[in-house]
Amino acid sequence: MFVHHAVAQYAVAVVMATRKPHQYGLHNLDGVLEYGVSARGSLGLIAAGRSLALMRGRDYVLPADLVDLAGDTLAHRLVLTFDAAADGVDPRTVIDAVLAAVPQPRVAPAEEEVVVR
């Protein structure tokens with residue numbers, strides 16, 4: 001299963017954005033995250049992306065595969081602050097904010113035309 005280096009770097013950037021949100025312009029996460037996703041989270045995201053790509057009939061991983069799985073793969077790895085947990089902040093909304101802030105790489109000239117099954 002092929003993982004383009006840009007896709008792997010994207011997974012790392014998504015994880016790093018949970019650890020250093022200010023570097024990605026995520027100032028709204030102040031007071032929400034006690035700890036971000038560990039480095040193992042990027043490995044889990046890539047492994048899950050490989051599985052999803054295989055189920056979709058491809059032998060390569062697209063950034064969209066990682067986006068589709070990020071909530072399920074990373075949300076439980078976040079440690080919210082006590083105040084955020086008390087306020088009922090959903091870790092998936094944090095992951096959604098991170099995905100919106102980290103631009104997806106383009107790994108194919110016509111990637112938006114790829115059929116996802």
Side-chain angles (χ1 to χ4, degrees):
M1 183 64 59
F2 177 71
V3 180
H4 193 276
H5 66 87
V7 175
Q9 288 174 342
Y10 176 66
V12 171
V14 168
V15 166
M16 288 305 297
T18 68
R19 299 175 79 179
K20 298 179 181 182
H22 285 282
Q23 290 182 0
Y24 294 85
L26 293 165
H27 304 288
N28 58 329
L29 295 183
D30 284 342
V32 174
L33 291 174
E34 188 73 35
Y35 299 106
V37 176
S38 72
R40 289 184 62 211
S42 59
L43 297 175
L45 187 57
I46 292 292
R50 285 180 166 143
S51 298
L52 185 60
L54 182 65
M55 289 190 298
R56 289 179 170 170
R58 287 185 270 109
D59 61 353
Y60 54 92
V61 179
L62 293 175
D65 296 327
L66 304 186
V67 169
D68 290 344
L69 294 165
D72 295 326
T73 309
L74 302 178
H76 72 280
R77 297 173 183 267
L78 292 174
V79 178
L80 301 178
T81 62
F82 177 80
D83 291 337
D87 291 340
V89 173
D90 183 4
R92 289 174 186 270
T93 61
V94 174
I95 297 298
D96 290 341
V98 167
L99 292 173
V102 178
Q104 291 183 34
R106 247 187 107 117
V107 295
E111 184 177 311
E112 59 276 348
E113 298 172 12
V114 173
V115 177
V116 178
R117 299 177 201 166

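Here the closest non-hydrogen pair linking A64 and Q104 is N-OE1, 3.9 Å. Nearest heavy atom pair, residue L80 against residue P91, reads CD1-CG, 4.1 Å. Smallest separation of non-hydrogen atoms from P105 and P63: O-CG, 3.4 Å. Taking both residues in full, the closest heavy atoms of L26 and A97 are given as CD2-O, 3.6 Å, listed atom of the first, atom of the second, then distance. Heavy atoms only, all atoms of each residue included: G49 and L69 are closest at N-CD1, 3.6 Å.
Looking only at side-chain heavy atoms (C-beta outward), V61 and L66 come within less than 4.5 Å of each other. A heavy-atom distance below 4.5 Å is found between the side chains of I95 and L78. Side-chain contact check for T81 versus L33: every heavy-atom pair is 4.5 Å or farther apart. The side-chain heavy atoms of M1 and L54, taken from C-beta on, include a pair separated by under 4.5 Å.
Side-chain atoms of D68 never come within 3.5 Å of backbone atoms of D65 as a donor-acceptor pair (strictly under, hydrogens ignored). Side-chain atoms of S51 come within 3.5 Å of backbone atoms of A47 as a donor-acceptor pair (strictly under, hydrogens ignored). Panel note: side chain R56, backbone R58; no donor-acceptor pair is recorded below 3.5 Å.
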Contacts table for residues 2-21: side-chain donor-acceptor under 3.5 angstrom, sequence neighbours left out:
| from | atom 1 | to | atom 2 | distance (Å) |
| --- | --- | --- | --- | --- |
| H4 | ND1 | A6 | N | 3.0 |
| T18 | OG1 | V15 | O | 2.6 |
| T18 | OG1 | V37 | N | 2.9 |

Does the salt bridge (charged side-chain N to carboxylate O under 4.0 Å, His left out) test come out yes or no for R92 and D72, once each step is laid out? CA-CA 8 Å; R92 289 174 186 270; D72 295 326; 2.8 Å; yes
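Residues forming a salt bridge (charged side-chain N to carboxylate O under 4.0 Å, His left out) with D87 (at least two apart in sequence, or on another chain): none.
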